[in-house]
J.: 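Provided herewith is a single structure, encoded as structure tokens, for subsequent inquiry.
Just so it is clear, the values below take in all heavy atoms, side chains as well, and ignore hydrogens, waters and symmetry mates.
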Amino acid sequence: MTIEAVLRSHLVRYPSMQIQDMYKLIHQAALGSEHAIASADGARQWLQRELTQMGSGPEESLIDPISPDGQIVRVHLRPFVAQGGDPEALLNAFIRTANEFHGSQQVLNAYWKAAVELQQFPSPEMNEFIESMRLKKYPAVHHSADYESLYRPAYRVMYRTYFL
């Protein structure tokens with residue numbers, strides 16, 4: 001699979017994606033979930049809260065590969081719960097990924113270039129957005145308000161091997 005295929009797949013499933021949602025996907029594919037872990041206890045509380053408050057959402061697969069090699073995935077929480085998944089095992093895989101997977105900004109930039117070439121969004125806006133992220137040292141971002149309200153995302157990013 002290529003990053004272009006990953007991005008196209010998400011654009012089809014989430015047609016209201018904004019530039020920041022594209023960046024979030026690319027950020028996760030290139031850098032994993034390290035940004036999301038301040039402490040194991042905090043990660044546990046965040047997961048427990050989300051599992052009880054996520055409500056309904058679109059139909060999604062359990063595992064959604066987001067890196068071209070298929071190793072970095074989003075594990076969607078609704079199907080996870082529906083299939084009787086063990087929250088502690090999910091949490092452990094998430095934390096292990098955050099501690100052990102170290103991506104690169106070089107990969108993020110290569111993925112971004114591929115995203116610009118898809119021409120889903122105007123190139124000047126894409127370039128302006130990534131420049132603002134570069135100046136901030138490529139921080140993690142939240143989904144756009146439109147994406148949040150339409151798709152109600154509930155997932156954890158992790159290294160596939162740690163989850164299975």
J.: Sequence neighbours left out, what passes side chain to side chain contact (heavy atoms under 4.5 Å, CB included) with S123? Give chain and number order.
T.: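 Per chain and number, S123 pairs via side chain to side chain contact (heavy atoms under 4.5 Å, CB included) with V116, N127.
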J.: Where the side chain of Q18 meets the backbone of S16, is there a donor-acceptor pair that is under 3.5 Å apart?
T.: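 Yes: the side chain of Q18 pairs with the backbone of S16.
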J.: Would you please name every residue forming a side chain to side chain donor-acceptor pair (under 3.5 Å) with R134, sequence neighbours left out?
T.: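 For R134, the residues satisfying side chain to side chain donor-acceptor pair (under 3.5 Å) (neighbours in sequence not counted) are E131.
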J.: Kindly say whether Y159 contributes a backbone atom to a donor-acceptor pair with the side chain of T97 at under 3.5 angstrom?
T.: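 Yes, T97 side chain to Y159 backbone: donor-acceptor pair under 3.5 Å.
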J.: Nearest 0.5 Å please: distance from the CG atom of L150 over to the NE2 atom of H143.
T.: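 The CG atom of L150 sits 12.0 Å away from the NE2 atom of H143.
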J.: Return the set of residues passing side chain to side chain donor-acceptor pair (under 3.5 Å) with S132 (not counting sequence neighbours), or none when no residue passes.
T.: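 Side chain to side chain donor-acceptor pair (under 3.5 Å) list for S132, sorted by chain: empty.
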J.: Just jot down the salt bridge (charged side-chain N to carboxylate O under 4.0 Å, His left out) partners of E100, sequence neighbours excluded, or say none.
T.: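 With neighbours one apart ignored, the set is R96.
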J.: Enter the distance from M22:CE to I130:CD1 here, rounded to the nearest 0.5 Å.
T.: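 So the CE of M22 and the CD1 of I130 are separated by 11.5 Å.
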J.: Partners of Y147 by side chain to side chain donor-acceptor pair (under 3.5 Å), sequence neighbours excluded?
T.: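 For Y147 there are no side chain to side chain donor-acceptor pair (under 3.5 Å) partners, ignoring immediate neighbours.
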J.: State the CG-OH distance between D21 and Y14, to the nearest 0.5 angstrom.
T.: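 Separation between the atoms: 11.0 Å.
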J.: Quick check: does any side chain N or O of E4 sit under 3.5 Å from a backbone N or O of L118, one acting as donor and the other as acceptor?
T.: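 Pair absent, no side-chain N/O of E4 close to backbone of L118.
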J.: If you apply the rule side chain to side chain contact (heavy atoms under 4.5 Å, CB included), what do you find for I72 with F101, and how did you get there?
T.: CA-CA 9 Å; I72 300 299; F101 177 81; 3.7 Å; yes
J.: Report the residues that fulfil side chain to side chain contact (heavy atoms under 4.5 Å, CB included) with A5, sequence neighbours left out, ordered by chain and then residue number.
T.: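 A5: side chain to side chain contact (heavy atoms under 4.5 Å, CB included) contacts with M1, T2.
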J.: Looking at P87 and G85, what are the two nearest heavy atoms and their distance?
T.: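 That would be CD-O, 3.2 Å.
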J.: Among all residues two or more places apart in sequence or in another chain, which pass the side chain to side chain donor-acceptor pair (under 3.5 Å) test with Q53?
T.: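 Once residues adjacent in sequence are excluded, Q53 has no partner under the side chain to side chain donor-acceptor pair (under 3.5 Å) criterion.
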J.: Determine which pairs satisfy salt bridge (Lys or Arg N to Asp or Glu O under 4.0 Å) with at least one residue from residues 143-164, sequence neighbours left out, and list them in order.
T.: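 Non-adjacent pairs meeting salt bridge (Lys or Arg N to Asp or Glu O under 4.0 Å): E50-R156.
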J.: Please report the shortest heavy-atom distance between P79 and S61, naming the atom on each side.
T.: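 Distance-wise, the nearest heavy atoms are CG-O, 3.6 Å.
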J.: Locate the shortest heavy-atom distance separating I3 from I66; write the atom from each residue and the value.
T.: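 Shortest heavy-atom separation between I3 and I66 comes out as CD1-O, 3.9 Å.
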J.: Taking all non-hydrogen atoms of both residues into account, name the closest pair between G103 and L31 and its distance.
T.: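 In this case the closest contact between G103 and L31 is C-CD2, 3.8 Å.
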J.: Using the side chain to side chain donor-acceptor pair (under 3.5 Å) rule, collect all pairs that involve residues 65-80, keeping only residues at least two apart or in two chains.
T.: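 Pairs touching residues 65-80 that pass the test: Q28-R74, E60-H76, D64-H76, S67-D69, Q71-T161, R74-Y155.
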J.: Which residue pairs satisfy the side chain to side chain donor-acceptor pair (under 3.5 Å) criterion with at least one member in residues 103-115, sequence neighbours excluded?
T.: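 Checked against side chain to side chain donor-acceptor pair (under 3.5 Å) - neighbours excluded - the pairs reaching residues 103-115 are N109-Y138.
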J.: Would you please name every residue forming a side chain to side chain contact (heavy atoms under 4.5 Å, CB included) with K136, sequence neighbours left out?
T.: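 By the side chain to side chain contact (heavy atoms under 4.5 Å, CB included) rule, K136 matches M133, P139.
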J.: Would you say L90 and F80 make side-chain contact, with heavy atoms under 4.5 Å?
T.: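 The answer is yes; the side chains approach within 4.5 Å.
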J.: If you take all heavy atoms of G32 and V157, which pair is closest and at what distance?
T.: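 Minimum heavy-atom contact is C-CG1, 4.1 Å.
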J.: State which residues pass side chain to side chain contact (heavy atoms under 4.5 Å, CB included) with R44; sequence neighbours excluded, sorted by chain then number.
T.: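 Partners of R44 under the side chain to side chain contact (heavy atoms under 4.5 Å, CB included) test: D41, Q48, E88, L91.
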